[in-house]
Amino acid sequence: MQRNLLNIIWLPLLPGFASMVYYLSLLVGLPFIVPVLLVVAFGYFSYRWLGTYVAVAETTSLSKTQVAWSYAILTVGVIIITNKSYYIAPQYGYWDSWTIWNYHAKFLQDPAYRKYLFSLNPELHADYPLYLSASIAFLRRLTGCDNFVVPYALGYAIQLLVPVSIYVALYRKNLPIAALAFFLIITDDFYLERGLGQYADVPLALFFLCAFICIEEAKKKPGAILVAAALIGCFGWVKNEGLMLAAIFILFNIRTLFGGGRWKYFLAGIALPAITLIIFKIQAPANDLISGQGPKTREMLTDSSRYAIVWEYLTYNFNHFYIPLKIGLIAYFIFCIAERRWPSRNIVALLCCIVGYCIVYLLTPKSIDWHVHTSMDRVLMQLMPSFMYLMALRFSRLRFSLGEKQTDQ
Amino acid sequence: MSARVNGLSLLLYFAQMKGWVVYLLLALSVTVAAYSYTVKFAEPTDADRVQKALKGTDKYLSFGSHLVFKCTVPGSDLFPEYVSYYLTPVKLVLPTSERDTTLLLTSIDAKDAGIDTMIAHSSVIWENKDDKYRYLLIHHL
């Protein structure tokens, strides 16, 4: 994996590690300095380890014109997103950030209050994982800034990393395609609103995307499996549905993740997130969607009206909020037919994730109309960047004339 | 001309999407966004005002206490929800079915018969006021 891409993937892992270590230190009652030192040590050693065992030298050289273009595109894109964020940013984020992430963070900011987290009103979802909340609490204590700039800056950085990761992963393969994917995301106000509104769907989308990037790169260096495993572990630490995404991801990449002795890397990478999540889940109250299952489950599965509702919202979301994705998918399948090749395994994995969400909606013990209406647009956001990346990866075989030709060394 | 070309080459060499250049760009972007956020929201909102005024309630409500915000501020439909969720971090929690304790916010000049009736049927635990609102924490009898 290229060093600059690895650097970007390393960034979301830092708050991931910090949030886990911080949460565990609260449980054990360690002084704050301990997780701080551990995070610093992790940051330093993991950065060096990645450089040694995962990074590979560039195999493709770019002409000066291409370098200038790639640099200019990235800069312009970052300026656009920075500028747009000023106009879009809500002061306190949206509903989820008030009632869940920032709220839970307050409980984690003081060791004395932590124990109250699990006695919350069920509407406040104390069973939701703590990637965002513990990261915010950690950063607030570290900086001494108990304000809303901390969660905003974290949310902003994460939503910025999504398009930048796609761009940096693809610009050497095909600059116009990388630029197209990059600009489609940064000019998508629906995406920016969710990112700046501090929804946890965007960090989950980033982890999911980075895991796909790592899997693509794992063919070159098996060390990338360790990074992919750490990212997969973080899926469930960000949101509960991340566990479903992790299961589907592992299932579709089982040979790459475990074959040829790579399972050791996988276990090493997933160990800390898995242990932290298990400890958290043992303490946390039961998830309302799971505990709400019962004799009516079968009835819900056979009720055709529920399927109609889910389908209606799914098509509505694709037609209103994910138009580039819809067009991209149609183009992708046409491209596959033209090439006489099957869609990539990971595109099928993403489609399975959509099916998985639909099953969750079908089985929801809450009002299905309300549940689908309030969350489907956001859960699709978790998949959108990965779709964009994988489609762009396939389209990157197309060649456009932009500056001098690429040469393989 | 040659010097210019060499200068450009050097610049492009350093700018070849090296990790530090991307980091620098990202760090600059986050810094500018965070700064612009503080500028955009520099003016204190009603939520900030209420949060400040409510600090004294810490003495009466332990962490995790349930509190209902019943807002009577005119022309602000979103305000009750807004304030309550914003305030939840201040050791006060959310509307629940156990509506035994209520925080009343009322305009300092308002004459509201509904509020007066509610106060008459409750014990006032704590009260505060600023130049705009009156805050009453009441326990229903």
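Letters go in sequence order (proteins before strands), and every chain restarts at 1. Note that this is a predicted model, so its numbers are computed, not measured.
- Ring geometry for Tyr23(B) versus Trp10(A): interplanar angle of 30 to 60°, hence tilted.
- The OG1 atom of Thr75(A) lies 5.0 Å from the CG atom of Leu25(B); values are rounded to the nearest 0.5 Å.
- Between the Lys40(B) side chain and the Gln91(A) main chain, no donor and acceptor come within less than 3.5 Å of each other.
- Neither the backbone nor the side chain of Ser97(A) comes within contact range of chain B; no heavy atoms are under 4.5 Å apart.
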* To do: Determine, stepwise, if the pair Asn7(A) / Val22(B) fulfils side-chain contact (heavy atoms from CB on, under 4.5 Å).
  => CA-CA 9 Å; Asn7(A) 288 348; Val22(B) 180; over 6 Å; no

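- In the model, Tyr156(A) has a side-chain atom that pairs as donor or acceptor with a side-chain atom of Ser29(B) under 3.5 Å.
- Contact of Val164(A) with chain B is made through the side chain alone, with heavy-atom distances under 4.5 Å.
- Between chain B and the residues Ile81(A), Leu5(A), Ile8(A), Leu11(A), the most heavy-atom pairs under 4.5 angstrom are made by Leu11(A).
- The side chain to side chain contact (heavy atoms under 4.5 Å, CB included) check on Val32(B) picks up Thr82(A), with sequence neighbours excluded.
- Tyr86(A) has its side chain out of reach of Tyr37(B): every pair of non-hydrogen atoms, C-beta onward, lies at least 4.5 Å apart.
- When heavy atoms are compared at a cutoff of 4.5 Å, Ile79(A) does not approach chain B at all.
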